[in-house]
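Have a look at the structure below before the remarks.
Reckoned from all heavy atoms, side chains included, excluding hydrogens, waters and symmetry mates. Convention: sequence-line order gives letters A, B, ...; per-chain numbering from 1.
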Amino acid sequence: MLRQIALRGFKSFAQATSLELGPGLNVIVGPNGSGKSNLAEAIVWAMGEQRAAKLRASGMSEVVFSGGAHRPPAGLAEVRLTLVDEEPADIGRPSEVEVVRRITRTGDAGYRLNGANCRLLDVHEALALRGLGPDALAVIRQGQVEAVCTSRPSDIRAMLEEAA
Amino acid sequence: MLRQIALRGFKSFAQATSLELGPGLNVIVGPNGSGKSNLAEAIVWAMGEQRAAKLRASGMSEVVFSGGAHRPPAGLAEVRLTLVDEEPADIGRPSEVEVVRRITRTGDAGYRLNGANCRLLDVHEALALRGLGPDALAVIRQGQVEAVCTSRPSDIRAMLEEAA
Amino acid sequence: VSAGFDGVFTAVRARFEEMIAALFPGGQGRLAVIGDDDDPGVEIQVVPQGKRPRPLALLSGGERTLVALAFCLAIATARPAPFYLLDEVEAALDDTNLRRLLAVVRRLSEHTQFVMITHQQPTVEIADTLFGVTMAADGVSEIVARRLDRGAESARPFVRRQL
Amino acid sequence: VSAGFDGVFTAVRARFEEMIAALFPGGQGRLAVIGDDDDPGVEIQVVPQGKRPRPLALLSGGERTLVALAFCLAIATARPAPFYLLDEVEAALDDTNLRRLLAVVRRLSEHTQFVMITHQQPTVEIADTLFGVTMAADGVSEIVARRLDRGAESARPFVRRQL
Ligand SMILES: Nc1ncnc2c1ncn2[C@@H]1O[C@H](COP(=O)(O)OP(=O)(O)OP(=O)(O)O)[C@@H](O)[C@H]1O
Ligand SMILES: Nc1ncnc2c1ncn2[C@@H]1O[C@H](COP(=O)(O)OP(=O)(O)OP(=O)(O)O)[C@@H](O)[C@H]1O
Ligand SMILES: [Mg+2]
Ligand SMILES: [Mg+2]
């Protein structure tokens with residue numbers, strides 16, 4: 001399960017914020033434009049989403065807090081996800097994974113896996129091992145729920161293969 | 001205003017049905033899959049929509065009632081719209097327009113304008129005169145409301161020109 | 001009634017700013033002429049209260065719904081069509097924004113016909129005429145009509161409870 | 001745990017039929033293997049009660065939402081991911097279908113973590129943990145957390161009333 005999301009400077013989350021998620025059903029509510037989908041995007045971004053369009057952006061540095069009415073832009077965005085195994089896995093892997101991703105306003109990017117600097121590919125692999133690779137069916141973005149119904153049969157087969 | 005919608009054999013509306021709309025706000029409710037959007041599509045189809053994909057169909061004859069659990073398919077679909085001017089228009093045109101469109105299961109198509117057979121183009125023209133040409137901003141389909149926000153500036157300009 | 005683009009643009013631009021003021025209290029909106037003679041265009045620009053100018057794409061689902069409807073309704077006020085047909089356009093709006101939108105629709109519907117398909121109780125509550133669509137076990141749709149003076153009790157079996 | 005496509009397909013196919021039975025009472029659903037060795041594929045086929053088989057595209061928005069979620073949740077039951085993140089996926093559902101969906105999610109959430117973003121009161125009512133997101137006039141988001149035992153009173157300022 002995803003035990004914690006910590007973020008700062010990511011889109012509208014200018015200040016350091018963290019959510020301690022629980023097991024079972026976590027529900028997030030709030031007015032239009034308050035930041036709920038920004039939070040969802042923080043999660044997919046930290047998981048290694050590379051397509052800016054999937055984050056409603058035209059360039060990756062657009063995810064850095066770009067200021068409010070009385071608040072200057074941030075210099076960087078950083079998101080940390082902590083995944084823990086709810087039951088001990090019989091696969092030879094650590095029971096806890098911490099992923100950190102950061103980007104500066106000028107586009108300098110960095111990734112850390114369990115505290116050590118790594119490449120994006122390492123993040124993708126660590127998550128794919130847990131069924132959370134890019135395009136995981138586990139994430140359904142706002143406005144995208146019906147997408148499966150317009151997918152081609154070869155794509156649906158690919159979704160099943162990915163889940164194996 | 002649209003005073004009446006009469007339809008039979010169109011999608012889930014197997015039997016002859018008519019709605020007498022009023023001035024002001026008409027609201028349509030009902031469970032998922034009951035036929036509300038089918039009704040909206042009957043309107044856009046009678047107005048001359050030619051793109052089957054805009055009717056969730058792959059071919060135009062798919063709009064003909066294709067049967068239910070204990071009910072055989074219909075042989076044809078027919079929709080009639082009656083438009084009236086709420087105030088007398090100073091443009092030289094009739095104060096009432098009746099459009100009828102029909103299609104058979106085998107794809108034979110027909111159009112009538114004020115009782116007389118006509119071509120699709122005649123329907124388009126009569127409606128365009130009233131600001132209801134194809135792609136009228138006056139119709140927002142399910143799932144499409146945000147489309148304006150992703151339109152290119154030249155398209156937005158075109159929408160304004162069409163409204164002139 | 002000025003003919004052509006300039007006339008409609010001038011009229012709609014003013015109405016759009018009013019719409020944004022109504023739907024985004026404290027916010028700002030404008031229609032900007034961009035591009036050149038070869039490729040002229042109009043860009044929608046909206047900045048909600050307290051926020052900085054950003055591309056429309058970065059706005060939330062509810063915010064983009066309001067922006068799109070503000071544009072459509074601005075045209076409806078300046079150059080009304082015979083009717084407007086809106087199929088579940090308010091699905092992304094929270095309760096506050098839905099009520100702001102409905103206040104605008106209610107006002108416009110005094111002079112323009114609207115047909116709205118909805119699952120939302122507040123929309124039902126401002127209806128002048130209400131139609132219920134049902135489908136029996138035989139896959140055939142039927143319609144039940146109620147002519148109301150802004151009543152909503154009859155909609156209860158059909159419509160969804162929300163927060 | 002069978003490795004590869006055949007194992008996951010067999011498991012998911014059975015769960016998908018159960019999901020469709022839960023979400024479309026009286027309806028039928030299946031995952032069909034189509035295509036050939038050069039271009040193998042899987043097709044989702046669902047027929048709601050009283051209706052005839054039709055392409056998925058002809059189903060309503062709410063019906064397609066249920067079909068898509070049935071597929072996703074069938075996989076979640078057969079091969080669960082560490083968590084599921086669902087952003088306003090129930091927007092198109094009427095009250096009855098929403099409650100059917102939530103009964104399924106509630107059951108799955110006993111063994112799998114879900115994070116759902118919503119404007120819907122019934123979804124809030126089955127939450128184990130509730131977070132409220134707010135934005136002050138300075139354009140900065142903040143989070144308020146409530147650890148609940150399935151309570152919803154605290155959500156009232158944030159959430160939308162529906163039918
Ligand atoms: N880089 C950024 N810096 C600051 N604010 C940003 C940035 N990118 C986006 N925003 C703001 O975030 C807001 C959108 O937030 P979000 O999409 O999370 O809302 P939401 O809570 O999901 O709303 P809805 O219920 O309408 O879906 C926009 O108003 C936008 O101005
Ligand atoms: N040609 C046809 N003949 C008979 N039934 C059809 C035909 N085409 C579509 N349908 C049925 O119409 C139903 C969809 O109706 P519609 O889209 O109008 O629902 P809706 O009331 O808008 O629901 P929602 O609230 O989910 O949007 C589908 O279940 C489909 O099986
Ligand atoms: Mg959102
Ligand atoms: Mg519909």
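Counting heavy-atom pairs closer than 4.5 Å to chain B, the top residue among C:G35, C:G61, C:A57 is C:G61. Among B:D155, B:T150, B:I43, the residue making the largest number of heavy-atom pairs under 4.5 Å with chain C is B:I43. If you tally non-hydrogen atom pairs under 4.5 Å between each of B:S34, B:S151, B:A163, B:G68 and chain C, the highest count goes to B:S34. Per-residue heavy-atom pair counts under 4.5 Å with chain C were compared for B:V145, B:V148, B:I28, and the maximum is reached by B:I28. Note: B:S154 leads B:G131, B:A158, B:S154 in heavy-atom pairs under 4.5 Å with chain C.
Checked for salt-bridge contact, B:R51 and B:E49 meet the test: a charged N lies under 4.0 Å from a carboxylate O. Ion pairing between a basic and an acidic side chain is recognised when a charged N comes within 4.0 Å of a carboxylate O; B:R3 and B:E20 show no such pairing. The pair B:E161-B:R157 meets the salt-bridge criterion, with a side-chain N (NZ, NE, NH1 or NH2) lying under 4.0 Å from an Asp/Glu carboxylate O. The residues B:E146 and C:R64 are annotated as salt-bridged, a charged nitrogen and a carboxylate oxygen being separated by less than 4.0 angstrom. The existence of a salt bridge linking C:K51 and C:E63 is confirmed by a sub-4.0 Å separation between a basic side-chain nitrogen and an acidic carboxylate oxygen.
Within the 4.5 angstrom heavy-atom criterion, only side-chain atoms of C:I75, from C-beta onward, approach chain B. If you measure heavy-atom distances from C:T112 to chain B, the contacts under 4.5 Å come from the backbone alone. Heavy-atom distances place both the backbone and the side chain of B:L2 under 4.5 Å from chain C. B:R141 touches chain C through its backbone: at least one of N, CA, C or O sits under 4.5 Å from a heavy atom, while the side chain does not. Heavy-atom distances place no part of C:A136 under 4.5 Å from chain B, backbone and side chain included. Contacts between C:L86 and chain B at a heavy-atom distance below 4.5 Å involve backbone atoms as well as side-chain atoms. Both the backbone and the side chain of B:L160 come within less than 4.5 Å of a heavy atom in chain C. Contacts of C:V12 with chain B are made by side-chain atoms alone, with heavy-atom separations under 4.5 Å and no backbone atom involved. Using a 4.5 Å cut-off between heavy atoms, C:D39 contacts chain B through its side chain alone, with no backbone atom that close.
Open room surrounds CZ on B:R152; 12 or fewer heavy atoms of other groups in view lie less than 6.0 Å from it.
C:F16 and C:F71 have perpendicular rings, their planes meeting at more than 60° on a 0 to 90° scale where under 30° would count as parallel.
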Walk me through whether B:E62 and B:K11 qualify under salt bridge (charged side-chain N to carboxylate O under 4.0 Å, His left out). CA-CA 8 Å; B:E62 270 183 50; B:K11 289 207 170 186; over 6 Å; no

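Under the 3.5 Å distance criterion, with hydrogens and angles disregarded, a donor-acceptor pair is assigned to the side chains of B:S37 and B:Q142.
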